[in-house]
Amino acid sequence: MQKKDKANNKPLDKDSKPTIWENLDEAQLTEVEDFAAEYRSFLTSAKTERAVNKFVVERALKEGFVDLDASSGKVKRGGYLSHHGKLLGLFVPGQQSPKAGFNLVVAHGDAPRLDLKPKPLYEDVGFGLLKSNLYGGLKKFQWLARPLALWGFCALKDGREIDLRFGEEPGGPVLTITDILPHLDRKVQREKKLSDAFPAEKLNVLAASKPEGKKDDKKRLKLAIKNILQNRWGLQEDDLISSELELVPAGPAVEVGLDSSMIGGYAQDDRLSVFCGLKALLKAGSYPQKPLLLIVFDREEIGSYGSTGAETNFVQRLAAEAFAASGLEPHWHDVQKALSKSRAISADVEAAMDPTFKEVHDELNAARLGLGPCLTRYTGGAGKYGASEARAEYMAFIRNLFDGASISWQSTLLGKQEEGGGGTVALSLAYNGLSIVDSGAPVLSMHSPFEITSKADVWMTAKALTAFFSSQW
Ligand code: MN
Ligand code: MN
């Protein structure tokens, strides 16, 4: 016999808990598939934080949202606030005044990747190459010998802005980083510690092999790259200094499994939460009970610092804009008070238990694919260092909310104590005194170029966030 939670008659043991799949009727199965298809196309079409920002703004505009920076007075359907094209906030007015606090969901739109250095171009032994720079916590060897695409935003001295994309045409050319063959890797890789075997400075991108110019010219491969930059995008080499060029896995997000039950694709951490947060916000409709805020942060994967990260006053600014857009004077005291009363979900994905690496998880508290969004009371490292821990009363509120809305969810922790650890933007938001807890879908192969989620979990995560946005208190 399994232990049962008497109040809800739910098995506490995850092994005996039915997955979402087992409780879906035909109509819901169709919903899950449609939602997954739309989500996959979002992942495929928005592979940088700027592209994510643009996608969300376009959706909001379609719904009748207005730019809070450019408008004054009350907004009807909603408003958005975009900071530097990389950090975004959405606001939906509620029946209640913002003074009584918001329902707030925060996610992040950046993902681990390789950036190009400001001066990336060089040539060596007959190749034109580009030097890359790590962004975020990635396992470097996963980025070798695979197709990569280059997504970029270039700001020119004369004020022109150029969006650049290379490597995403089906059947078209891509970029790649070479790896050494196993026959010769003994000294440079195999006998080294993994952490030493793949130095970041060896992640050099293969960009050209066909020389340009006359036979006696020097640097003919570098010239080949420079010509392409000039002819294709109107860029000089120096323009790369004022560009954001990001190398990401090439190709679309796809279905995974003989049963097509999963989704495989890059940057589901944390664009899954961005997508579900957006869908939930829009589904909450006009004038839900509480005023709603959704924030898509940048720079989460590198510590949330910088002017577009969560370690800024953006939430305060957005809240002040929401006051103004509700016809209220955004007095400092009122805004701070509203924020400290607010209820928030730090929507971020959780590590799913990997059948091949079970030893890093505490099985009782590990997330399982297919059991729905996770509720992670605290993250951080061993000893809860650097953790934002949700207080008991807030955990009770969320449990009650999810159960009341028939959400399949699971109580989880990242991994065993002392295996490592991680954090989310919850910590930065908690600075404002609000109630916040981490919640998001479980992911396998997190931070890899091919992250795996369950279609059912993605769908259920959006439902959970819809329930949260609709909550009254
Ligand atoms: Mn994340
Ligand atoms: Mn992450």
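Numbering starts at 1 and runs along the sequence shown. Read the numbers this way: they start at 1 and go in the same order the structure lists the ligands and their atoms.
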Self-check item: Which atom of Leu414 lies closest to which atom of Gly422, heavy atoms considered
Solution: CD2-N, 3.6 Å

Quiz prompt | Quiz item: cation-pi between Lys140 and Phe198, 6.0 Å / 45° | solution = no

Quiz item: Quick one: ring pair (Phe, Tyr, Trp, His ring centres under 6.0 Å) pairs with a partner in residues 292-322, sequence neighbours left out?
Solution: none

Quiz item: Checking Thr176 side chain against Arg146 main chain: does a donor-acceptor pair fall under 3.5 Å?
Solution: yes

Quiz item: What residues, two or more places apart in sequence or in another chain, satisfy salt bridge (charged side-chain N to carboxylate O under 4.0 Å, His left out) together with Glu246?
Solution: Arg113

Quiz prompt | Partner set under side chain to side chain contact (heavy atoms under 4.5 Å, CB included) for Leu61, not counting sequence neighbours | solution = Val57, Tyr80

Quiz prompt | N, O or S atoms of the protein lying under 2.8 Å from the Mn ion (ligand 2) | solution = Asp269 OD2, Glu301 OE1, Glu301 OE2, His447 NE2

